[in-house]
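The chain is numbered in sequence order, starting from 1.
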Amino acid sequence: MAYATADDLIARYDVDLIGDLTTDDRDTQDRDLIDGSNEKLSVALEDASGEVDVALLAGGHYTVAQLEGLTGNSRSHLVRIVCALAMAALYQRRPEATDAESIERLTKDARDAIKALRRGENVFGLPAHIDAGKIDIAGPSAIDIRHRNDLTARMSRYFPTADTRLPRGR
């Protein structure tokens, strides 16, 4: 499911440019035909939403459920990111429709947000949630092992002591 709709995209970008980028016959498209039923527009919005999902999962700071539950200004920020990425995807379909510099300018903030999501930064201001995806590499300390009284601690003549094998305390 896309995080933004065709109406969101039209509210943020010029409808004539969107029409030029979504048509294949190189004719200008009627404004009324640019809506949620436009398949190319829907695909671009879904691709952009997928790119956001991949970035947030790589960063490990948010879950998809958290993004779907955003409201207010945070939701608007997410929609703006998705719309900018969708415009970039539409531009890739028809690069001759506009110059690359203007599309790069339009999508710069969205690309920066995607990079921040990949780095695991808190882009939407939600509390940190995902620790389950992070591997805990801390094991028992030497003191913990000594207090366990297992075979290696009882047979110190045959095994090296835990002090020489493991870090001291936490």
Side-chain angles (χ1 to χ4, degrees), residues 1-139 170:
M1 182 181 97
Y3 293 118
T5 64
D7 292 334
D8 293 329
L9 189 67
I10 291 168
R12 286 169 175 77
Y13 295 99
D14 180 36
V15 70
D16 293 328
L17 177 60
I18 295 169
D20 289 344
L21 294 174
T22 56
T23 184
D24 288 332
D25 56 9
R26 307 307 192 245
D27 291 333
T28 57
Q29 192 168 2
D30 187 19
R31 289 175 183 240
D32 298 333
L33 297 176
I34 303 169
D35 59 7
S37 64
N38 187 319
E39 182 182 342
K40 293 167 184 70
L41 191 56
S42 297
V43 167
L45 288 167
E46 288 171 5
D47 288 350
S49 297
E51 189 172 345
V52 170
D53 284 346
V54 167
L56 73 92
L57 293 174
H61 195 84
Y62 298 108
T63 63
V64 174
Q66 282 180 310
L67 288 191
E68 290 172 350
L70 287 176
T71 59
N73 294 336
S74 296
R75 173 77 180 157
S76 181
H77 183 59
L78 173 63
V79 169
R80 185 180 63 79
I81 291 169
V82 170
C83 288
L85 294 172
M87 283 300 288
L90 290 173
Y91 171 72
Q92 289 176 348
R93 290 189 71 253
R94 294 268 319 272
E96 74 280 356
T98 186
D99 60 313
E101 186 178 306
S102 65
I103 292 295
E104 183 61 34
R105 230 181 0 228
L106 289 174
T107 60
K108 182 186 179 314
D109 291 338
R111 295 289 175 202
D112 291 344
I114 290 294
K115 288 177 187 173
L117 276 174
R118 285 188 191 282
R119 289 190 300 263
E121 295 177 13
N122 192 351
V123 176
F124 299 109
L126 295 175
H129 180 69
I130 302 176
D131 285 334
K134 296 181 181 174
I135 298 172
D136 182 18
I137 57 170
R170 292 179 194 217

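Taking the side chain as every heavy atom from C-beta outward, Asp112 and Lys108 approach each other to under 4.5 Å. Under the 4.5 Å side-chain criterion, counting only non-hydrogen atoms from C-beta, Tyr3 is in contact with Asp53.
Rounding to the nearest 0.5 Å places CZ of Arg75 at 8.5 Å from CD of Glu68. Atom-to-atom distance recorded for Glu46:CD and Leu41:CG is 10.0 Å, nearest 0.5 angstrom. Between the CG atom in Leu90 and the CG atom in Leu85 there is a gap of 11.0 Å [rounded to 0.5 Å].
In terms of the side-chain contact (heavy atoms from CB on, under 4.5 Å) criterion, residue partners of Ala4 (sequence neighbours excluded) are, by chain and number, Asp8, Leu45, Val79, Val82, Cys83.
Heavy atoms only, all atoms of each residue included: Arg12 and Arg80 are closest at NE-CA, 3.7 Å.
Ion pairing of Arg111 with Glu51 is present here, as a side-chain N (NZ or NE/NH1/NH2) and a carboxylate O approach within less than 4.0 Å.
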